[in-house]
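What follows is a set of notes on a single structure, which appears directly below.
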Amino acid sequence: MSRIGKKAVPVPAGVTANIAGRELSVKGPKGTLTLPLADDIAYEVTDGGISVQPANDTKRARAFWGMQRTLVQNLVTGVTTGFTKKLLITGVGYRAAAQGKNLKLQLGYSHDVNIDVPEGIEIKTPDQTTIEISGIDKQKVGQIAAEIRRWRKPEPYKGKGIKYDGEFIFRKEGKKK
């Protein structure tokens with residue numbers, strides 16, 4: 001039994017949810033998100049919220065139950081408050097600058113790295129060593145953050161690179177003389 005799946009997803013005021021065919025769409029103040037529905041899961045939109053239950057008693061249905069409930073919760077959270085990831089850049093000469101729909105990174109390569117910002121994602125650089133990624137789709141926000149981080153992962157000796165805010169980098173000791 002899924003402890004997460006048992007709870008219905010509360011739908012706050014100003015948010016509407018409806019099921020059309022095999023798709024759940026949630027509309028709120030920040031926009032609209034859709035989720036393709038899994039065949040093994042039964043969804044029901046009520047006044048109290050959206051309930052997610054396994055449609056049959058198979059192992060696959062039980063396995064998908066909690067995950068599908070969490071995906072529905074992410075839709076509701078995204079259209080009400082949105083999601084934000086913060087990246088920190090550490091290293092001499094490493095910097096970032098947001099220019100419209102592009103992000104320009106200087107990461108010690110012989111060239112600057114230009115990243116196109118996808119639709120629905122907003123990138124801000126409050127200072128040269130901080131990148132804030134925000135949007136309503138949790139998957140897109142996490143994916144673009146991972147793609148930016150991939151350009152220069154933090155290394156364990158000096159800690160130089162791009163890391164998530166709050167991420168702990170296990171530091172290693174250098175060579176002994």
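The basis for the numbers below is simple: all heavy atoms, side chains too, and nothing from hydrogens, waters or symmetry mates.
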Q) Going only through I, L, V, M, F, W and Y residues with side-chain contacts under 4.5 Å, is there a path from L35 to F64? A) yes
**Q.** Side-chain heavy atoms of Q53 within contact of Y43, under 4.5 Å
**A.** no
Q: Sequence neighbours left out, what passes ring pair (Phe, Tyr, Trp, His ring centres under 6.0 Å) with F168? Give chain and number order.
A: none
(Q) Strictly below 4.0 Å, N to O, side chains only: are E155 and K172 in salt-bridge contact? (A) no
Q) Once you round to the nearest 0.5 Å, how far does CD1 of I148 lie from OH of Y164? A) 9.0 Å
Q: Tell me, please, which residues at least two apart from E173 pass side chain to side chain donor-acceptor pair (under 3.5 Å).
A: K176
Q) What distance separates F83 CZ from S134 OG, expressed to the nearest 0.5 Å? A) 12.0 Å
**Q.** More than 12 heavy atoms of other groups within 6.0 Å of I19 CD1
**A.** yes
Q) Are there more than 12 heavy atoms of other residues, nucleotides or ligands under 6.0 Å from atom NZ of K138? A) no
Q. If Ile, Leu, Val, Met, Phe, Trp and Tyr residues are connected whenever their side-chain heavy atoms lie under 4.5 Å apart, and connections chain through other members, are V117 and L107 in the same group?
A. yes
Q.
Do D39 and R22 have side chains that approach each other closer than 4.5 Å (heavy atoms only, starting at C-beta)?
A. yes
Q: Applying side-chain contact (heavy atoms from CB on, under 4.5 Å), name anything that partners T125, two or more places apart in sequence or on another chain.
A: A96, A98, L103, I131
Q) Does one hydrophobic cluster hold both I169 and I89, with members joined at side-chain heavy-atom distances below 4.5 Å? A) no
Q. Nearest heavy-atom pair of L33 and I136: which atoms, and what distance?
A. CD1-O, 3.4 Å
Q: Would you check, one step at a time, whether the test salt bridge (charged side-chain N to carboxylate O under 4.0 Å, His left out) holds for R62 with D40?
A: CA-CA 9 Å; R62 289 192 313 271; D40 296 327; over 6 Å; no
Q. Quick one: CG on L24 to CD1 on I41, what's the gap to the nearest 0.5 Å?
A. 13.0 Å
Q: Kindly compute the distance separating CD1 (I133) from CD (E147), expressed to the nearest 0.5 Å.
A: 9.5 Å
Q: Please tell me if the side chains of P154 and T90 come closer than 4.5 Å, counting only heavy atoms from C-beta onward.
A: no
Q) Can any side-chain N or O of R95 pair as donor or acceptor with the backbone N or O of G93 at less than 3.5 Å? A) yes
Q: Return the set of residues passing side-chain contact (heavy atoms from CB on, under 4.5 Å) with T58 (not counting sequence neighbours), or none when no residue passes.
A: N56, R60, A61
Q. At their closest point, which heavy atom of P29 faces which heavy atom of V15, and how far apart are they?
A. CD-CG2, 4.3 Å
Q: Give the minimum heavy-atom separation between V52 and Q68, together with the two atoms involved.
A: CG1-CB, 4.3 Å
Q: Taking the side chain as every heavy atom from C-beta outward, state whether K160 and V92 have any pair of such atoms under 4.5 Å apart.
A: no
Q: Test side chain to side chain contact (heavy atoms under 4.5 Å, CB included) on V11 and I50 and set out the steps.
A: CA-CA 7 Å; V11 177; I50 304 166; 3.8 Å; yes
Q.
Under the criterion side chain to side chain contact (heavy atoms under 4.5 Å, CB included), I'd like the reasoning laid out for I121 against V141: C-alpha separation, chi angles, the key distance, then a yes or no.
A. CA-CA 7 Å; I121 299 293; V141 170; 3.7 Å; yes
**Q.** Sequence neighbours excluded, every pair satisfying ring-ring contact (aromatic ring centres under 6.0 Å, His included) that has a member inside residues 100-135
**A.** Y109-H111
Q) Taking side chain as C-beta onward, heavy atoms only, is S25 less than 4.5 Å from N18? A) yes
Q.
Does atom NZ (K124) have a neighbourhood of more than 12 heavy atoms from anything else shown, all under 6.0 Å?
A. no
Q | Taking every non-hydrogen atom, the tightest pair across I4 and G66 | A | CG2-O, 4.2 Å
Q) Which atoms form the tightest heavy-atom contact between R69 and K7, and what is the distance? A) NE-O, 3.1 Å
Q: Take I162 and Y94 through the test side chain to side chain contact (heavy atoms under 4.5 Å, CB included) and record every step on the way to the result.
A: CA-CA 9 Å; I162 302 172; Y94 291 5; over 6 Å; no
Q: Please identify each residue that fulfils side chain to side chain donor-acceptor pair (under 3.5 Å) with T129, with sequence neighbours left out.
A: D127
Q) Hey, are the side chains of K163 and L87 touching, using non-hydrogen atoms and a 4.5 Å cut-off? A) no
Q | From D165 atom CG to E132 atom CD, the distance as rounded to the nearest 0.5 Å | A | 9.0 Å
Q: Taking all heavy atoms of K27 and all of T32, pick out the closest pair and write down the distance.
A: CG-OG1, 3.4 Å
Q. Between T130 and K86, is any pair of side-chain heavy atoms under 4.5 Å apart?
A. yes
**Q.** Gap separating the CD atom of E119 from the NZ atom of K101, nearest 0.5 angstrom
**A.** 5.0 Å
